[in-house]
Amino acid sequence: MRFWLMKSEPDEVSIDHLAALPQQTVAWFGVRNYQARNFMRDQMQLGDGVLFYHSSCAEPGIAGLAEVASAAYPDATQFDPASPYHDPQSDLQHPRWLNVDVKLVRKTRLLSLQEMRERPELADMRVLQRGNRLSITPVDPQHWQAVLTLLEGAA
DNA sequence: GCCAACGTTGGC
DNA sequence: GCCAACGTTGGC
């Protein structure tokens, strides 16, 4: 079992949106970066742990826990001319972009980016490294555990 | 709105 | 295959 941090803009899909969806599950559409796509395609497995992260917003940080709920399959938005994620270069027979489904486990308190940066036990997390822009990053087991402890401790 | 960082594109 | 230009991300 692996662990991941997945960024979502709450204007698009927030933790509360996810909680309100049928099955509390959403297709993780819109990834347009090969490295992030490859994580979904090659490494994610059903049941992998996900830190649901709010980015590009007033209070960036971890907002809940989720899990990988499907294998990777073609991202429908790449073929939708009305979508901002439309990719006219992608071919129906050989889709360029994939997504997995992500299912809510539970909403948590917000573990803010600021607090994450203050915690020495999280200092090596990939998402905190300088210049990191990947929307999906692997999370080491010890970081996963440290985040859970922070979420359960000081709630 | 600014800007550092980094991925992608495209000319050569 | 190099690399400059450009576009995007995302915190501030």
Side-chain angles (χ1 to χ4, degrees), chain A residues 2-21 26-44 48-68 72-105 107-140 142-144 146-151 153-155:
Chain A
R2 289 187 162 98
F3 304 102
W4 307 93
L5 182 142
M6 299 176 77
K7 297 180 186 173
S8 181
E9 300 189 13
D11 286 348
E12 190 154 47
V13 182
S14 72
I15 195 78
D16 291 325
H17 290 140
L18 179 58
L21 287 171
V26 70
W28 206 265
F29 60 88
V31 170
R32 295 295 180 266
N33 169 283
Y34 290 106
Q35 212 178 334
R37 180 203 67 183
N38 293 348
F39 284 141
M40 291 194 285
R41 185 188 63 190
D42 302 333
Q43 296 192 36
M44 281 192 185
D48 278 2
V50 173
L51 302 174
F52 191 107
Y53 181 92
H54 284 171
S55 74
S56 292
C57 59
E59 288 190 293
I62 294 168
L65 303 176
E67 64 184 22
V68 174
Y73 61 95
D75 178 342
T77 62
Q78 72 195 299
F79 300 120
D80 177 1
S83 169
Y85 299 111
H86 181 231
D87 182 354
Q89 304 204 62
S90 188
D91 174 357
L92 260 175
Q93 302 309 316
H94 301 95
R96 179 180 291 186
W97 304 113
L98 305 173
N99 56 209
V100 297
D101 289 342
V102 170
K103 180 177 170 62
L104 180 67
V105 172
K107 183 178 176 179
T108 64
R109 76 179 178 94
L110 186 82
L111 178 59
S112 70
L113 176 61
Q114 182 184 341
E115 182 177 354
M116 292 171 71
R117 290 199 186 285
E118 288 168 356
R119 290 290 177 174
E121 65 270 35
L122 301 184
D124 293 335
M125 278 188 80
R126 186 139 167 207
V127 73
L128 300 182
Q129 300 314 302
R130 194 172 124 104
N132 166 74
R133 298 187 317 171
L134 265 185
S135 63
I136 299 176
T137 49
V139 173
D140 291 342
Q142 70 269 22
H143 293 143
W144 173 267
V147 167
L148 289 195
T149 300
L150 287 171
L151 289 173

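Chain naming here is simple, since letters A, B, ... match the order of the sequence lines and numbering starts at 1 in each.
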A:Gln89 CD - B:dT8 C1' separation (whole Å): 11 Å
Interatomic distance, A:Arg96 CZ vs B:dG7 C1' [rounded to whole Å]: 14 Å
Nucleotide nearest A:Tyr53 (side chain, heavy atoms from C-beta), chosen from C:dG11, C:dG10, B:dC6: C:dG11
Per A:Asn33 side chain, nearest of listed nucleotides B:dA5, B:dG7, C:dC12: B:dG7
From C:dC12, C:dG10, B:dC6, nucleotide with atom closest to A:Lys7 side chain: C:dG10
Between P of C:dT9 and OH of A:Tyr85, the distance in whole Å: 8 Å
Ion pair A:Arg96/A:Asp87, N-O distance below 4.0 Å: yes
Euclidean distance, atom CG of residue A:Leu128 to atom P of B:dA4 [Å, nearest integer]: 21 Å
Nearest-nucleotide pick for A:Arg130, side chain only, options being B:dT8, C:dG11, B:dA5: B:dA5
Donor-acceptor pair (no angle test) under 3.5 Å: A:Arg133 side chain, C:dT8 base: yes
A:Asp75 side-chain N/O to A:Gly30 backbone N/O, donor-acceptor pair under 3.5 Å: yes
Whole angstrom value for the distance that separates P of C:dT8 from CD of A:Glu9: 13 Å
